[in-house]
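Quick note on labels: first sequence line is chain A, next is B, and so on, each numbered from 1.
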2 protein chains.
Amino acid sequence: MPRVAASTEKKITALLKRQALSVTESRKRILQYFLDQPGALSHGDIEKKVGTTFDRVTIYRTLQTFVDRGLIHTIPSADNAVRYALCKDECGDGHHRHEHIHFVCQQCHHTFCLDEVVTPVLKLPKGYSPRQVEVLVQGKCKDCTETAKK
Amino acid sequence: MPRVAASTEKKITALLKRQALSVTESRKRILQYFLDQPGALSHGDIEKKVGTTFDRVTIYRTLQTFVDRGLIHTIPSADNAVRYALCKDECGDGHHRHEHIHFVCQQCHHTFCLDEVVTPVLKLPKGYSPRQVEVLVQGKCKDCTETAKK
DNA sequence: GAATTTTTTGCAACTATGTTGCTATTTTGG
DNA sequence: CCAAAATAGCAACATAGTTGCAAAAAATTC
Ligand SMILES: [Mn+2]
Ligand SMILES: [Mn+2]
Ligand SMILES: [Zn+2]
Ligand SMILES: [Zn+2]
């Protein structure tokens, strides 16, 4: 029995093919990693996970390719460590459309997409033309809040 | 006549003394740079400006000290380049309180504090405890919009 | 399914960014 | 002006990110 269910394998391959990407080991493994866990991942996280199997440069290039093709999006941070998360809506080649906000847990240091929370509409001073709004909330995440109660 | 007006010099010294900081050349120059321009600055910006006069390490430590003392605050980014801007409200030793949003111009690549725009109150899913909300708006800034009209 | 073309990978070399320990220098307060 | 405290510069290091190029792998064509 394979470590990764055949159905997941199929799903991953389909995801890559949909974006007209060659299906390679590194792309499959990195995409798998994103699917296997709920949060966002930094380049460093991925390197720790698969860095012995694949070259650092390959990871950089894979992430860039995924961003370009709309498979993942970047999440800004205040600590010089941009994170990446899967795009759930219909992002495509060259264009991202995200309306959700991001949550950074100050306790477990995980970053989550809160897909159900829509970015607010803001009234900006005259002259400023908004194109994209990013909201980054810091605090304590669901898991960490629940654990604290026990 | 000194290059920097004596009044500015006084102001800078006062700012440093208020936070119980030693008044040194590097701190004065870096604080001066922040006061001289409207936007936010990255470590790299500052290094380009004063990097021949002061050591890189000094700049890192100065920025960290300023953040710790509530003189400047960090602005998250999506490009692995955290920026810093002066605190206008009453931030102090160890605690920052900012309610304003930040604007990143995709044309001139400057980052601005929009002090007049208050961060929105968000309804989060059950379990998430917010502590700090950061809003980062990308688009075209005032100057770039006006220049385009001509 | 083998050959050819195209794409991706790994490696090396490099630049940039950030950190730490230590000593010399500067600043402070008396 | 002096002694104590704080800061700056340097060196050495660690981590992060980029580029060119040849080898390997994947896709395409036959
Ligand atoms: Mn997201
Ligand atoms: Mn600000
Ligand atoms: Zn958490
Ligand atoms: Zn602009």
Asker: Under 3.5 Å, is there a donor-acceptor pair between the D68(A) and T65(A) side chains?
Answerer: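 Note: D68(A) and T65(A) side chains miss the donor-acceptor criterion.
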Asker: Return the set of residues passing ring pair (Phe, Tyr, Trp, His ring centres under 6.0 Å) with H109(B) (not counting sequence neighbours), or none when no residue passes.
Answerer: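 Here no residue qualifies.
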Asker: Return the residues of residues 72-83 of chain B meeting this criterion: a heavy atom under 4.0 Å from some atom of DNA chain C. Order them by number, or give none.
Answerer: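 Per residue number, the list is empty: none.
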Asker: Please identify the 5'-most and 3'-most nucleotides of DNA chain D with any atom under 4.0 angstrom from a heavy atom of chain A.
Answerer: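 Result: dA16(D) to dA27(D).
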Asker: For the helix from dG1(C)-dC30(D) to dG30(C)-dC1(D), what angle separates the axis at the start from the axis at the finish, each from five pairs, in steps of 10°?
Answerer: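 Here the helix ends are tilted 40° relative to one another.
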Asker: I59(B) has an atom CD1; how far is it from atom P of dA16(C), in whole Å?
Answerer: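 Roughly 15 Å, once rounded to whole Å.
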Asker: Under a 4.0 Å heavy-atom cut-off, which of residues 48-56 of chain B touch DNA chain D?
Answerer: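 Within residues 48-56 of chain B, the residues near DNA chain D are T53(B), F54(B), D55(B).
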Asker: Scan for ring pair (Phe, Tyr, Trp, His ring centres under 6.0 Å) pairs involving residues 61-83 of chain B, sequence neighbours excluded, and state none if there are none.
Answerer: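 Output for this query lists H73(B)-H98(B), H73(B)-H100(B), H73(B)-H102(B).
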Asker: For the backbone of T24(B) and the side chain of S22(B), can you confirm whether one donor and one acceptor N or O come within less than 3.5 Å of each other?
Answerer: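 Side chain of S22(B) to backbone of T24(B): no pair is present.
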Asker: Above 12 or not: heavy atoms from other molecules or residues under 6.0 Å from NE2 of H110(B)?
Answerer: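 Not buried by this count: 12 neighbours or fewer within 6.0 Å.
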Asker: In chain order, what residues pass the side chain to side chain donor-acceptor pair (under 3.5 Å) check against N80(B), with sequence neighbours excluded?
Answerer: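 Side chain to side chain donor-acceptor pair (under 3.5 Å) check on N80(B) returns nothing, list empty.
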Asker: Can you tell me which residue pairs pass the salt bridge (charged side-chain N to carboxylate O under 4.0 Å, His left out) test with a partner in residues 18-34 of chain B, sequence neighbours excluded?
Answerer: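 Sorted pair list: E9(B)-K28(B), E25(B)-K28(B).
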Asker: Going by side chain to side chain donor-acceptor pair (under 3.5 Å), name the residues that satisfy it together with Q132(B), two or more places apart in sequence or in a different chain.
Answerer: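 Expected list: none.
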Asker: Using a cut-off of 4.0 Å on non-hydrogen atoms, how would the nucleic acid contact of T65(B) be classed: base, sugar-phosphate, or nothing?
Answerer: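 Here T65(B) touches no strand at all.
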Asker: With rounding to the nearest 0.5 angstrom, report the CG to OG1 distance, L136(B) to T119(A).
Answerer: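 Those atoms lie 12.5 Å apart.
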Asker: Could you pull out every donor-acceptor pair under 3.5 Å between side chains of residues 51-62 of chain B and any protein atom, sequence neighbours left out?
Answerer:
residue: D55(B); atom: OD2; partner: V57(B); partner atom: N; Å: 2.9
residue: T62(B); atom: OG1; partner: T58(B); partner atom: O; Å: 2.6

Asker: To the nearest Å, how far apart are Q19(A) CD and dT8(C) P?
Answerer: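 Between P of dT8(C) and CD of Q19(A): 13 Å.
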Asker: Starting at the 5' end of nucleotides 20-30 of chain C, put B wherever the base has a protein heavy atom under 4.0 Å, S where only the sugar-phosphate does, and a dash everywhere else.
Answerer: BB-----SS--
Asker: Looking at T74(B) and E134(B), what are the two nearest heavy atoms and their distance?
Answerer: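 So the minimum-distance heavy-atom pair works out to O-OE2, 4.3 Å.
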Asker: Sequence neighbours excluded, which residues qualify as side chain to side chain contact (heavy atoms under 4.5 Å, CB included) partners of P125(B)?
Answerer: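 P125(B) satisfies side chain to side chain contact (heavy atoms under 4.5 Å, CB included) with L114(A), E116(A), V117(A), Y128(B) only.
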Asker: Applying side chain to side chain contact (heavy atoms under 4.5 Å, CB included), run through V133(A) and V121(A) and close with a yes or a no.
Answerer: CA-CA 8 Å; V133(A) 178; V121(A) 177; over 6 Å; no
Asker: Rounded to whole angstroms, how far apart are CG on L63(A) and C1' on dT8(C)?
Answerer: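 One finds 15 Å between C1' of dT8(C) and CG of L63(A), rounded.
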Asker: For a quick test of reading the model, state the closest non-hydrogen atom pair linking R69(A) to A20(A) and the distance between them.
Answerer: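 R69(A) and A20(A) have their closest heavy atoms at NH1-O, 3.6 Å.
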Asker: For I75(A) and A40(A), which heavy atoms make the closest approach, and how far apart are they?
Answerer: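 So the minimum-distance heavy-atom pair works out to CD1-CB, 3.7 Å.
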